[in-house]
> 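Have a look at this one.
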Amino acid sequence: MDEVPAVEKLLVDSADIDQRLIALRALGFRFGTNRDVAGMVVALVAARTHHGVIDIVQIYGEQDADATRISVHEPEILFPRAIFWHTNGSANHVIDALLSLADPVTELSDRPRSARRISSAGTVRNIRTQ
């Protein structure tokens, strides 16, 4: 009988992730998959561009995901030079953290602006961007 609560928890967690993915789609995220050489899906990837930034979520499993916010001016989004924000952890944690981020304020001037970077440990530091 111990298996039933574990199965029920798995179903609840899956439903929670589904609701979070629906929320991401409602915000304009587009979805794709990363596959290995055998064609097996290894990650669900969601991304959106808004307010001068790109938000990217990579979900490898229910307990393994990461999210990153970078500038739209990054030449290589998979290997960015500057990261405004990043977190990793369970899919639920990562999606919730991303959904709780405020939209960045876009500046119309050419002067450098500061961006906040929050690590998965909750440490905040300012970085300069061009």
Side-chain angles (χ1 to χ4, degrees):
M1 290 292 186
D2 290 339
E3 293 178 30
V4 174
V7 171
E8 289 175 359
K9 179 167 177 21
L10 179 63
L11 293 175
V12 169
D13 288 347
S14 295
D16 290 344
I17 290 173
D18 288 345
Q19 292 302 311
R20 286 170 171 87
L21 295 175
I22 290 167
L24 290 176
R25 182 167 302 276
L27 288 172
F29 279 83
R30 300 289 181 239
F31 291 81
T33 56
N34 283 344
R35 297 177 182 269
D36 64 13
V37 293
M40 300 294 292
V41 174
V42 294
L44 174 65
V45 180
R48 78 169 174 160
T49 301
H50 66 106
H51 297 93
V53 299
I54 302 170
D55 291 333
I56 304 166
V57 180
Q58 298 181 101
I59 301 172
Y60 304 100
E62 288 186 42
Q63 298 303 316
D64 187 12
D66 64 57
T68 307
R69 176 171 280 181
I70 62 173
S71 170
V72 295
H73 301 295
E74 279 292 336
E76 180 56 61
I77 66 169
L78 296 179
F79 303 101
R81 293 171 295 169
I83 297 172
F84 296 150
W85 175 86
H86 178 264
T87 193
N88 56 24
S90 72
N92 286 342
H93 163 77
V94 167
I95 294 170
D96 288 349
L98 181 63
L99 291 174
S100 70
L101 286 178
D103 285 333
V105 177
T106 55
E107 294 183 29
L108 299 177
S109 69
D110 290 334
R111 59 191 166 96
R113 46 195 186 271
S114 294
R116 287 179 42 189
R117 179 178 180 181
I118 305 172
S119 73
S120 59
T123 308
V124 177
R125 73 178 186 124
N126 289 323
I127 58 173
R128 305 254 314 155
T129 62
Q130 294 285 358

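In what follows, residues are counted from 1 in the order of the sequence shown.
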> Considering only heavy atoms from C-beta outward, does the side chain of L101 approach that of R69 to under 4.5 Å?
yes
> Locate the shortest heavy-atom distance separating R35 from T33; write the atom from each residue and the value.
NE-OG1, 3.6 Å
> Distance check, rounded to the nearest 0.5 Å: R20 atom CZ versus D18 atom CG?
10.5 Å
> Picking from I70, T68, V53, what satisfies side chain to side chain contact (heavy atoms under 4.5 Å, CB included) with F84?
V53
> So, applying side chain to side chain contact (heavy atoms under 4.5 Å, CB included) with D55, which one of L24, L99, L98 is it?
L98
> Group every Ile, Leu, Val, Met, Phe, Trp and Tyr by side-chain heavy-atom contacts under 4.5 Å, then state whether V42 and I56 land in the same group.
no
> Which atoms form the tightest heavy-atom contact between R48 and L27, and what is the distance?
NH1-O, 3.2 Å
> Could you state the interatomic distance from CD1 (I59) to OG (S90), rounded to the nearest 0.5 Å?
10.0 Å
> To check you understand the geometry: which heavy-atom pair defines the closest contact between G61 and A91, and what is its length?
O-CB, 3.9 Å
> Applying a strict under-4.5 Å side-chain criterion to I, L, V, M, F, W and Y, I'd like to know whether Y60 and L44 cluster together.
no
> Between I95 and F31, is there a shared hydrophobic cluster once you connect ILVMFWY residues whose side-chain heavy atoms come closer than 4.5 Å?
yes
> Kindly write out the residues that satisfy side chain to side chain donor-acceptor pair (under 3.5 Å) with N34, not counting sequence neighbours, or none if the list is empty.
none
> To the nearest 0.5 Å, what is the distance between CG (D66) and NE2 (H93)?
11.0 Å
> If you measure from CD1 on I22 to CD1 on I17, what distance do you get to the nearest 0.5 Å?
12.0 Å
> In Å, rounded to the nearest 0.5 Å, how long is the span from CD1 of I54 to NE2 of H73?
9.5 Å
> So how far is it from T49 OG1 to R30 CZ, rounded to the nearest 0.5 Å?
10.0 Å
> Restricting to side chain to side chain donor-acceptor pair (under 3.5 Å), what partner residues turn up for R81, sequence neighbours left out?
none
> Indicate the atoms forming the closest heavy-atom contact of G89 with V94, along with that distance.
N-CG2, 3.5 Å
> Search all heavy atoms of P80 against all heavy atoms of E74 and return the closest pair with its distance.
CA-OE1, 3.4 Å
> Write down the atom of A97, the atom of W85, and the distance for their closest heavy-atom approach.
CB-CZ2, 3.8 Å
